[in-house]
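Scroll down for the structure; my scribbles are underneath it.
Within every chain, numbering begins at 1; the chains are lettered A, B, ... in the order of the sequence lines, protein sequences first and strands thereafter.
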Amino acid sequence: MKRARTEILSIRRLGVYRALTLVAPAISEKARPGQFLAIAMPEGREFILRRHVAIHQASRRGGWAGTVEFVIDQGGPGRTWLANAKAHEFLDVVGPLGKPFSHPKRLANCMLVAEGRGAASLYFLAQELLARGKRVDMVIGGETLDAVLKPIEAKRLSQTVTVMTSDGSMGEQGTVIDALPEALERTGAEVLYAVAPAPTLRKIGEICRERRLPAQIAVEERMACGFGLCHSCVVPVARKDGSGFDNLRACVDGPVFNPARVLWDRWLSEEPVLLPTPPGGIPVMREWPGSGETAWRA
Amino acid sequence: MAGVKRSLAVDLGALHLSTPVVIASGCAGTGRELSGLVDLHKVGGLVSRTITVLPRKGASTPRVAETPSGIIWEVGFQNPGLDVFIADELPRLARTGVPVIVSIGGGTLEEFVRLSSALAGCPEVAAIEACLASSDDELARPLLGAHVDRVTEIVGAVSRMSSAPVFAKLPLWGGVLVELAGAAMRADATGVTLGFPPPALGVDIGGLKPSLGGVTGHLAGPALAPLALHAVFEVATAMPGIPIMASGGVRGGDDAVACVLAGATAVQVGTATLIDPTAAVEVATGVARYLKAKNLASPVDIRSRLRVPTAAPAGVREAPAP
């Protein structure tokens with residue numbers, strides 16, 4: 001883990017995303033797929049926490065040696081600020097953080113599943129897997145064609161690619177969950193990697209469980225520090241000996257977890273925080289009590 | 001005035017710190033995380049996360065949300081429990097070579113007694129910070145540290161059990177701080193930490209739900225600084241000379257100097273450490289720079305040196321009539 005003042009080499013537009021390349025030799029030297037960076041926000045603004053972004057590419061050789069790349073989507077003041085940064089500006093970056101994906105030793109057929117921006121770290125992983133002689137297949141998706149990250153890169157890296165969009169503007173209409181069972185059958189996948197929003201990861205975990213397929217997922221839990229100090233980004237994970245569970249920090253114990261050990265119900269429980277709707281709907285006060293005067297007029 | 005021997009060292013009762021800057025509770029990790037990123041020898045001390053007798057899993061996620069110039073958070077005292085802390089985490093924190101102040105919390109007197117008696121046997125403990133911001137499980141009150149009787153009882157028990165100096169971390173809301181701090185000092189506390197941040201709520205309007213999984217949280221970060229400053233000023237004015245650790249919104253050396261001017265002896269750096277792991281070191285450097293510019297020898301020289309009109313009564317000060 002290094003802290004560095006890094007120069008922005010370039011910012012590119014990729015559909016709805018922005019890809020930023022940073023000159024950070026000390027970080028790119030160590031970076032592995034699944035790990036992330038913590039980027040400081042400018043001083044004197046009201047948004048103060050670092051932003052945490054998955055590493056999309058770390059180049060150690062060639063003309064881009066010593067650079068790291070990450071992909072952000074739009075929305076929120078921090079990401080908007082990052083998206084509007086200019087080349088040659090400097091960012092305060094800590095990384096690489098977190099535990100990376102591990103490679104299968106014997107298994108050879110790898111299925112990579114990503115939704116939206118999650119594809120960024122999987123393309124990095126695909127390169128490592130290919131370098132070790134594994135077969136890579138992908139199922140990638142997004143809301144629309146613009147939200148599918150680098151589909152041509154996906155094609156270049158894998159034997160087969162299935163693209164899913166919610167509106168059918170690219171590939172098939174539907175989600176990656178709809179396409180996954182068929183893709184697993186077709187490719188004979190022996191191991192699965194996934195990066196996506198938590199509800200999608202949960203469904204992917206269920207599919208893997210049914211098929212007894214070993215899997216690794218990278219979660220995108222909201223973090224405050226990213227170094228393991230604050231215990232904000234915890235995920236409930238069952239202990240190996242079955243003696244209960246621990247709230248593990250996604251930043252130092254993850255972000256890569258085994259979905260079979262994540263306690264999804266506990267993690268994603270949407271307990272009713274607002275009072276439950278009574279039978280017959282929510283009562284609406286139409287008149288001030290006692291006065292007979294109509295409070296709300298159309 | 002050449003040759004002033006400058007030192008950042010401060011004494012809070014029996015607790016000696018090499019600099020007046022301490023990493024606040026819940027922001028120092030478990031002893032493993034900071035060592036690679038920060039030269040911890042430049043930090044005066046660190047406060048452990050709050051330890052309870054039994055292990056706690058903590059609040060549900062999300063546990064943090066960003067707010068204007070601050071954060072709201074609720075970790076829910078996630079910790080491994082007293083036994084594992086003493087066996088595992090405390091030795092690791094102590095190996096950093098920095099004085100370790102152990103934060104203890106609970107909802108009953110018995111819990112505080114058990115925590116402080118177990119810690120009394122640990123030479124690694126430089127001081128104890130009794131976190132009085134839980135709910136009171138015995139008297140069924142929402143906030144333990146808001147009542148003079150309970151502060152007296154709990155701080156008194158912890159002080160008697162403990163061989164190390166004891167600091168009472170008082171909640172910044174719910175009670176009259178001067179009375180609570182007075183109660184803690186009469187109950188033999190070494191000093192007070194001001195203080196535990198006030199409750200706060202964030203709303204996710206898209207999802208029609210609170211931004212935190214635990215519904216309400218506490219405000220932290222620079223947004224909190226003026227509140228903590230006022231608390232320090234109020235208590236230091238009422239009880240001049242008592243050791244006060246300021247905690248709330250300190251981000252840079254200037255904030256720390258402001259706290260000392262208001263009456264604090266040491267400052268804790270919390271949220272700023274989450275953003276910049278070296279924040280505590282930079283705050284200490286900033287204090288040293290200020291002392292050098294003013295040609296002062298020690299932070300103690302500026303303590304409670306806020307220039308307040310002497311004739312001014314408490315409360316709102318009116319401009320003199322023409």
Inset, instruction - Keeping to residues at least two apart or across chains, list the side-chain hydrogen bond (donor to acceptor under 3.5 Å, both in side chains) pairs with something in residues 249-263 of chain A. - result: A:Arg249-B:Glu33

Inset, instruction - Kindly indicate, with the supporting measurements, whether the criterion side chain to side chain contact (heavy atoms under 4.5 Å, CB included) is fulfilled by B:Leu34 and A:Phe227. - result: CA-CA 8 Å; B:Leu34 276 177; A:Phe227 328 123; 5.8 Å; no

Legend entry - Part of B:Arg49 lying under 4.5 Å from any heavy atom of chain A: side chain

Legend entry - Atom group of B:Ala65 that falls short of 4.5 Å from chain A, counting heavy atoms: both

Legend entry - Polar side-chain atom of A:Arg222 near backbone of B:Val64 as donor-acceptor pair, under 3.5 Å: yes

Legend entry - Flag, side chain of B:Lys57 to backbone of A:Pro236, donor-acceptor distance under 3.5 Å: no

Legend entry - Heavy-atom pair count under 4.5 Å with chain A, highest-scoring of B:Arg32, B:Arg63, B:Glu74, B:Arg251: B:Arg63

Legend entry - Separation of A:Arg45 CZ from B:Ser69 OG (nearest 0.5 Å): 11.5 Å

Legend entry - OG-CG distance between B:Ser60 and A:Asn247, expressed to the nearest 0.5 angstrom: 9.5 Å

Inset, instruction - List the steps, then state whether side chain to side chain contact (heavy atoms under 4.5 Å, CB included) holds for A:Arg3 with B:Thr278. - result: CA-CA 10 Å; A:Arg3 182 178 182 197; B:Thr278 61; 3.0 Å; yes

Legend entry - Positions in residues 76-93 of chain B that reach chain A, provided some heavy atom is under 4.5 Å away: B:Gln78

Flag yes if more than 12 heavy atoms outside [X] fall under 6.0 Å of its [atom1] atom; otherwise flag no.
| X | atom1 | answer |
| --- | --- | --- |
| A:Arg5 | CZ | no |
| A:Glu89 | CD | yes |
| A:Glu29 | CD | no |
| A:Glu143 | CD | no |

Inset, instruction - Could you go through the side chain to side chain contact (heavy atoms under 4.5 Å, CB included) check for B:Thr30 and A:His231 one step at a time? - result: CA-CA 10 Å; B:Thr30 61; A:His231 293 80; 4.2 Å; yes

Inset, instruction - For chain B, find its close neighbours in residues 46-53 of chain A: heavy-atom separation under 4.5 Å, sorted by number, or none. - result: A:Glu46, A:Phe47, A:Ile48, A:Leu49, A:Arg50, A:Arg51

Legend entry - Among the listed options A:Gly228, A:Cys233, A:Ser232, the residue most often paired with chain B at heavy-atom distances under 4.5 Å: A:Ser232

Legend entry - For B:Ala288, all residues meeting side chain to side chain contact (heavy atoms under 4.5 Å, CB included), sequence neighbours excluded: B:Leu8

Select one option (side chain, backbone, both, neither) describing which atoms of [X] are under 4.5 Å from chain B's heavy atoms.
| X | answer |
| --- | --- |
| A:Val94 | side chain |
| A:Ala224 | both |
| A:Asp246 | both |
| A:Met223 | backbone |

Inset, instruction - Check A:Leu229 against B:Gly29 and note the closest heavy-atom contact, atom names and distance. - result: CD2-N, 3.5 Å

Inset, instruction - Identify the two heavy atoms, one from A:Cys230 and one from B:Leu274, that lie closest to each other, and give their separation to 0.1 Å. - result: CB-CD2, 3.7 Å

